[in-house]
> 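Got a structure for you, written out below as structure tokens; questions coming shortly.
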2 protein chains.
Amino acid sequence: MAPRPTASDRLDRDELLSTALAIADSDGLDAVTLRRVATEFHVTPMALYWHFKDKDALLDALVERMLAEVTLDDSDDLRSVMTTMLGVLRAHPALAEITPLRSMRTEAGLALAERVVGLLRAEGHSPVAAAQLSIFLLNALIGLVVQQPGEVAVPDPAQRGALLAAKRARLKSLPPEAWPHLTETADFFLGLPDEEEYYDRGLTLLRRAIRTD
Amino acid sequence: MAPRPTASDRLDRDELLSTALAIADSDGLDAVTLRRVATEFHVTPMALYWHFKDKDALLDALVERMLAEVTLDDSDDLRSVMTTMLGVLRAHPALAEITPLRSMRTEAGLALAERVVGLLRAEGHSPVAAAQLSIFLLNALIGLVVQQPGEVAVPDPAQRGALLAAKRARLKSLPPEAWPHLTETADFFLGLPDEEEYYDRGLTLLRRAIRTD
DNA sequence: ACGGTCGCTATACGCCGTAAATTTATGGGA
DNA sequence: TCCCATAAATTTACGGCGTATAGCGACCGT
């Protein structure tokens, strides 16, 4: 969109990532294309290969960039770490999708894991239990964001509306006698009256799973 | 691979799905290509469009097929539902990846959701809490499978080995003073000594999260 | 002044999903 | 028995994707 974000006429790895991140946030992960990013810098797609080994490396760097937004200080306990992490994921739902397998391949991801495992150890979990819990927690937070009712990964408003309408029609047409519980809770699956309530419940759930006592 | 799975010379939707499922299981989700499936039936890619609206519909049908493997009877409690579901997901890890947003678009997925929400209601959860928990549980089970340490989504043995070796080198090279917890638990992140133990811990975690008391 | 490396372009390839038009096979009614 | 509507698949083509390979100009230390 913008002709060229910088004054210099040389590509900057960080600016490439910023642009790619903006594309992911606004148009979804599928819109993050080497050609698309290159175009926004008025450059050939192959130019990106000087700065990233391949597209996979670019995505890794994107995840790294996102995880670096999880700024923690020593006073943060597990609860605030989770809250912070959740906030970052909610800001970048498209990247949340691909974070699980990539987080440990990034510096920021390793640091975060070290931190979380440490906090879990301090709560009395065994090393292995703490390690498994750390993965579990990251995954659960991502799940909360990606699966948030009413959200669909496709950013095109028309198509999204169509998908949601289809889902609504489907759920609303179920006979209550045969589907008592889904009809009772259909509204929840179709959209959230209060997002914060949803995420609070999610965090409470996780805290209960963690409890050692 | 097989020249033609059936005697008839007409494509059969179910056989198409079986083949696609086999491809996904053996070679990963990215290998599930309209051209690849078509080739295995000695048929043009466009032939598949008679049986599926588009690729997305084929993937939906694939998820449906997998979820249909979750066979339950009325005596099953929540615990056994989760165990059964976990078994099915472990049998089809490639499909597990795309299940979250698709499950509610399938008949089998709706039935499963109805069942799980009902069981959660019976445990004393409010309608909304039960609904959220049902999503959470599905997601957590998928997370256990997809994130299973030592597993990577790419099926090519050489590339998988390389990835794992890189991860191992990375973790093993961390200085223990700066990374006490990750070095202590490195072995867990690199592979499981006992898969069943891993999944047992996961299920226990979930049961604790569900508990109403 | 010059040679090398840095950073990028040019071109091309093979793969993907799929739109549109066309062809072939089939089975039921006249 | 013939015919024809409709089912089922083919043909052709398009645009988009990641990326291998080769080449080219500008800059920089000597």
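First the proteins, then the strands, lettered A, B, ... as listed; each starts at 1. Bear in mind the structure is a predicted one, so any value in this text is a computation, not a measurement.
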> Tell me: CG of B:D12 to P of D:dA7, nearest whole Å?
17 Å
> May I have the distance from B:L11 (atom CG) to C:dA25 (atom C1'), rounded to whole angstrom?
14 Å
> With a non-hydrogen cut-off below 4.0 angstrom, is A:T33 in contact with a base, only sugar-phosphate, or nothing?
sugar-phosphate
> From C:dG7, D:dA9, D:dT11, pick the nucleotide closest to the side chain of B:T44?
D:dT11
> For a quick check, tell me whether the side chain of A:R35 and the base of D:dG16 share a donor-acceptor pair closer than 3.5 Å.
no
> Less than 3.5 Å apart, which donor and acceptor atoms pair up between the side chains of residues 43-52 of chain A and the rest of the protein, not counting sequence neighbours?
none

> Relative to each other, are the rings of A:F136 and B:F136 parallel, tilted or perpendicular (30° and 60° limits)?
perpendicular
> When you measure from every atom of DNA chain C, which of residues 47-66 of chain A have a heavy atom less than 4.0 Å away?
A:A47, A:W50, A:H51
> Between A:D76 and A:R115, is there a salt bridge with N-O shorter than 4.0 Å?
no
> Between C:dT9, C:dT18, D:dA8, spot the one nearest the side chain of A:M46, thanks.
C:dT9
> Separation of B:L29 atom CG from C:dC16 atom C1', in whole Å?
14 Å
> Applying salt bridge (charged side-chain N to carboxylate O under 4.0 Å, His left out), name anything that partners B:D60, two or more places apart in sequence or on another chain.
B:R102, B:R105
> Looking at A:V37, A:L21, A:L62, which hits side chain to side chain contact (heavy atoms under 4.5 Å, CB included) with A:L16?
A:V37
> For the backbone of B:V146 and the side chain of B:E97, can you confirm whether one donor and one acceptor N or O come within less than 3.5 Å of each other?
no
> I want to verify a distance call: between D:dT19, C:dG7, D:dA9, whose nearest atom is closest to the B:V43 side chain?
D:dA9
> How many whole angstroms separate atom CG of A:D9 from atom C1' of C:dC6?
13 Å
> Nearest whole Å is fine: how far is D:dA20 C1' from A:L34 CG?
14 Å
